[in-house]
Engineer: 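Questions regarding the structure given below will be posed in turn.
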Amino acid sequence: MEWWRWGAVLAAVVSLSLWRDLILASLGLSSVDEAKPEYDIVIGILSARENFEQRRALRATWVGYIQQHPDYSRRILVNFIVGSEPCPVPPPDRLDPFTCQKLVLSESICAGEVVALGLASQNSLPSSQRQTGPVETHFSVQHPVVITKLGVLGGDITGEGVRVRLVDSAAKEDLLSVNFTSDDPGLHTGGNMFKAVQNYVLPKGFQGTITVESLAPDDVLLETFPLDQLQLNNKGGVLQLTKTVGFMPESGYLPHHTNIQQHTAATFMYRVYEPEFLEQASQELRAKDWSGKLGAEQKRLEREVEQYGDILLVQGVEVYRNLPRKILEFYKWVTENVRFNFTLKTDDDCFIDMDKIATEIENLKLREKSKVWWSRFRSGWAVEHHGKWGEQDYTSPVYPAFACGAGNILSADLVSWLAKNTHQLRPYQGEDVSLGIWLAALGPNLISDHSWQCEEGCTAGMYSSPELQPTQLMTLWSNLQKCGSACQCS
Ligand SMILES: *[C@@H]1O[C@H](CO)[C@@H](O)[C@H](O)[C@H]1NC(C)=O
Ligand SMILES: *[C@@H]1O[C@H](CO)[C@@H](O)[C@H](O)[C@H]1NC(C)=O
């Protein structure tokens, strides 16, 4: 071939590849995208580092089924989403079970009985104020304490007297209740009145309220003291006074933060429970033990990553409060690394019936829709301020609709929006409510379906079922294989 013909062929090849890029670009794809593997569904299973047994059970059931299925194995990618780092603080030494913060006390612990809140001294009494009850003081427990007495601030019990109650704020339940009357005012100690109660251990993480109310039928004014002028004896951080978020009663939104505990009228005495647990030596012992455990865990996890290739390690410490970050990292990874139509998010204790889901995607014509969010939704869910689901940051009284964690499907357009905005999205208390808050801005197309089962139990035809022990999961799966129904095999 003559040289100019070679030139023409070369030119044609070059222009062809230019054309190809142009066509791909007009379709919103780049040749980089073109090179990415393509899947119909990418499944992300949130899994904690230490959940080896759960992952094993899933690989022995529905995950293994997908990975070995001739069609699914090509079209569906399954990833366990696992945190890249463990929490180095031994669980008993953490501030709470949901974060990786260590409880650090600012003083060494003695075993004696102490007054939680007291009037500093008789010659510099804080200026009291009279207000109607009930007057509440909120606190949380960072290390277990034993309540020994309940008390009233100030020396005088007048009129019909008052009642002091210790309330479990999360359960909204009275634990202890004592009446102080002028006939039976209790013991005068340090300018306050006290009465002994049955010793009661408040566990770590307990959130409590001390309430005082008048025993008189018409609400008599109570003598209260400004909280910030009282002497707080919290043994270096064993107890903590907490703020409460107040809501305007009827408005529904426009919440405001109020510190409703500015004044208080009651107190209590306590002892630190098992103070030896907090000693340096015992902390060091636990730390050593824990670090040994983590070393073994790391090795085992590395072997698992290599052996199965289905673990996606995402940047971050493995604790409950990081779940929103983990799920965002997953969406980001998916968007950057594969072409896909849908993601399915689930947890490592969930059963998933992939055949049903795959069929239903076609029946519901989900491919023809945009901004698809297919799950079962909770709506009008009140924001909880206590415990595992305790929300510190979201200031509206109800959450926007959010999907149940056991299974929810997002279309690629929603996922790439999340991926693009990862750094602007603020994490709330859990991954499910966070997703609800983030996506509310986009007006997602909620497709609600009760076959996504959100609570424990078994219903015929369910797509998912949560909170299963590995053995329960195996049973559901073997029922489904043998009899075509997960719930029973007769
Ligand atoms: C993604 O969906 C499109 C239709 O919207 C379909 O043509 C394509 O095959 C799907 N991708 C995979 C990998 O199944
Ligand atoms: C306190 O007083 C109230 C009202 O008189 C009464 O109902 C309640 O039983 C009393 N509680 C105790 C512990 O004595």
Side-chain angles (χ1 to χ4, degrees), residues 86-118 136-151 165-173 175-176 197 199-211 227-228 230-245 257 259-262 264 266-287 289-290 317-322 384-393 429-430:
C87 172
V89 183
D93 294 291
R94 294 181 197 167
L95 207 51
D96 62 56
F98 321 116
T99 62
C100 184
Q101 266 172 292
K102 188 171 191 290
L103 169 64
V104 180
L105 300 179
S106 62
E107 64 181 76
S108 58
I109 294 305
C110 60
E113 196 178 31
V114 289
V115 178
L117 277 167
E136 298 181 340
T137 313
H138 305 273
F139 67 96
S140 65
V141 175
Q142 321 260 40
H143 173 83
V145 294
V146 186
I147 303 288
T148 54
K149 296 185 176 74
L150 295 184
R165 284 180 298 136
L166 173 67
V167 182
D168 177 337
S169 312
K172 299 184 174 62
E173 203 173 73
L175 298 181
L176 298 167
V197 289
N199 286 1
Y200 203 99
V201 181
L202 302 182
K204 177 178 178 138
F206 177 85
Q207 290 174 304
T209 306
I210 286 280
T211 303
L227 202 59
D228 54 5
L230 297 176
Q231 202 169 48
L232 168 69
N233 196 339
N234 68 354
K235 300 310 290 169
V238 164
L239 293 177
Q240 210 166 47
L241 294 177
T242 50
K243 282 186 186 172
T244 309
V245 182
H257 286 264
N259 187 349
I260 61 168
Q261 46 160 33
Q262 279 148 4
T264 186
T267 181
F268 56 93
M269 285 199 207
Y270 69 97
R271 278 188 289 111
V272 175
Y273 182 71
E274 294 184 347
E276 60 281 4
F277 182 90
L278 293 163
E279 280 162 14
Q280 184 83 13
S282 97
Q283 289 201 14
E284 278 166 14
L285 212 63
R286 285 194 298 276
D289 197 40
W290 183 241
V317 176
E318 194 78 271
V319 286
Y320 178 79
R321 292 276 182 255
N322 272 349
E384 178 61 68
H385 294 288
H386 302 285
K388 181 171 180 180
W389 293 287
E391 183 64 74
Q392 308 306 324
D393 298 320
Q429 64 78 11

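Small disclaimer: the values here were computed from a predicted structure and weren't measured.
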Engineer: With sequence neighbours left out, which residue pairs that include part of residues 137-151 fulfil the salt bridge (charged side-chain N to carboxylate O under 4.0 Å, His left out) condition?
Structural biologist: Glu113-Lys149

Engineer: Please give me the minimum heavy-atom distance between Val197 and Leu176, naming the atom from each residue.
Structural biologist: CG2-CD1, 3.8 Å

Engineer: Going by salt bridge (Lys or Arg N to Asp or Glu O under 4.0 Å), name the residues that satisfy it together with Asp289, two or more places apart in sequence or in a different chain.
Structural biologist: Lys293

Engineer: Provide the closest heavy-atom pair for Asn233 versus Tyr270 in the form atom of the first, atom of the second, distance.
Structural biologist: O-OH, 2.6 Å

Engineer: Taking atom OH of Tyr273 as the centre, report whether more than 12 heavy atoms of other residues, nucleotides or ligands fall under 6.0 Å from it.
Structural biologist: no

Engineer: Assess the side chains of Gln283 and Glu279: does a donor N or O sit below 3.5 Å from an acceptor N or O?
Structural biologist: no

Engineer: Any chance you could measure Arg165, atom CZ, to Leu150, atom CG, to the nearest 0.5 Å?
Structural biologist: 11.5 Å

Engineer: Which residue is it: Leu202, Val141, Leu117, Val114? I am looking for the one with a side chain to side chain contact (heavy atoms under 4.5 Å, CB included) to Leu239.
Structural biologist: Val141

Engineer: Rounded at 0.5 Å granularity, tell me how far CZ in Phe139 sits from OG1 in Thr209.
Structural biologist: 7.5 Å

Engineer: Enumerate, atom names and distances included, each donor-acceptor pair closer than 3.5 Å involving a side-chain atom of residues 86-100, sequence neighbours excluded.
Structural biologist:
{"unit_1": "Asp93", "atom_1": "OD1", "unit_2": "Arg286", "atom_2": "NE", "d": "3.4"}
{"unit_1": "Asp93", "atom_1": "OD1", "unit_2": "Arg286", "atom_2": "NH2", "d": "2.7"}
{"unit_1": "Asp93", "atom_1": "OD2", "unit_2": "Arg286", "atom_2": "NE", "d": "2.9"}
{"unit_1": "Arg94", "atom_1": "NE", "unit_2": "Val89", "atom_2": "O", "d": "2.8"}
{"unit_1": "Arg94", "atom_1": "NH2", "unit_2": "Val89", "atom_2": "O", "d": "2.9"}
{"unit_1": "Asp96", "atom_1": "OD1", "unit_2": "Phe98", "atom_2": "N", "d": "2.8"}
{"unit_1": "Asp96", "atom_1": "OD1", "unit_2": "Thr99", "atom_2": "N", "d": "3.0"}
{"unit_1": "Asp96", "atom_1": "OD1", "unit_2": "Thr99", "atom_2": "OG1", "d": "3.2"}

Engineer: Test of understanding: with side chain to side chain donor-acceptor pair (under 3.5 Å), list the residues that count as partners of Glu276, not counting sequence neighbours.
Structural biologist: none

Engineer: For Gln240, check side chain to side chain donor-acceptor pair (under 3.5 Å) against everything at least two apart and list the hits.
Structural biologist: Gln142

Engineer: Using every non-hydrogen atom in the two residues, find where Ser282 and Leu278 come nearest and quote the distance to one decimal.
Structural biologist: OG-N, 4.3 Å

Engineer: Using side-chain heavy atoms (C-beta onward) and a distance below 4.5 Å, is Asp168 in contact with Phe206?
Structural biologist: yes

Engineer: Apply ring pair (Phe, Tyr, Trp, His ring centres under 6.0 Å) to Tyr200 and list each qualifying residue two or more places apart in sequence or on a separate chain.
Structural biologist: none

Engineer: If we only count heavy atoms from C-beta on, is the His143 to Val272 side-chain gap below 4.5 Å?
Structural biologist: yes

Engineer: Side-chain contact test, heavy atoms from C-beta onward, threshold under 4.5 Å: evaluate it for Asn199 versus Ile147 and give yes or no.
Structural biologist: no

Engineer: Measuring from Leu227:CG to Leu232:CG, what's the distance to the nearest 0.5 Å?
Structural biologist: 8.0 Å

Engineer: Would you sort out whether Thr242 and His138 count as a side chain to side chain donor-acceptor pair (under 3.5 Å), showing the intermediate values?
Structural biologist: CA-CA 5 Å; Thr242 50; His138 305 273; 5.4 Å; no

Engineer: Distance check, rounded to the nearest 0.5 Å: Leu103 atom CG versus Leu105 atom CG?
Structural biologist: 4.5 Å

Engineer: Please check: side-chain N/O of Thr148 versus main-chain N/O of Met269, any donor-acceptor pairing under 3.5 Å?
Structural biologist: yes

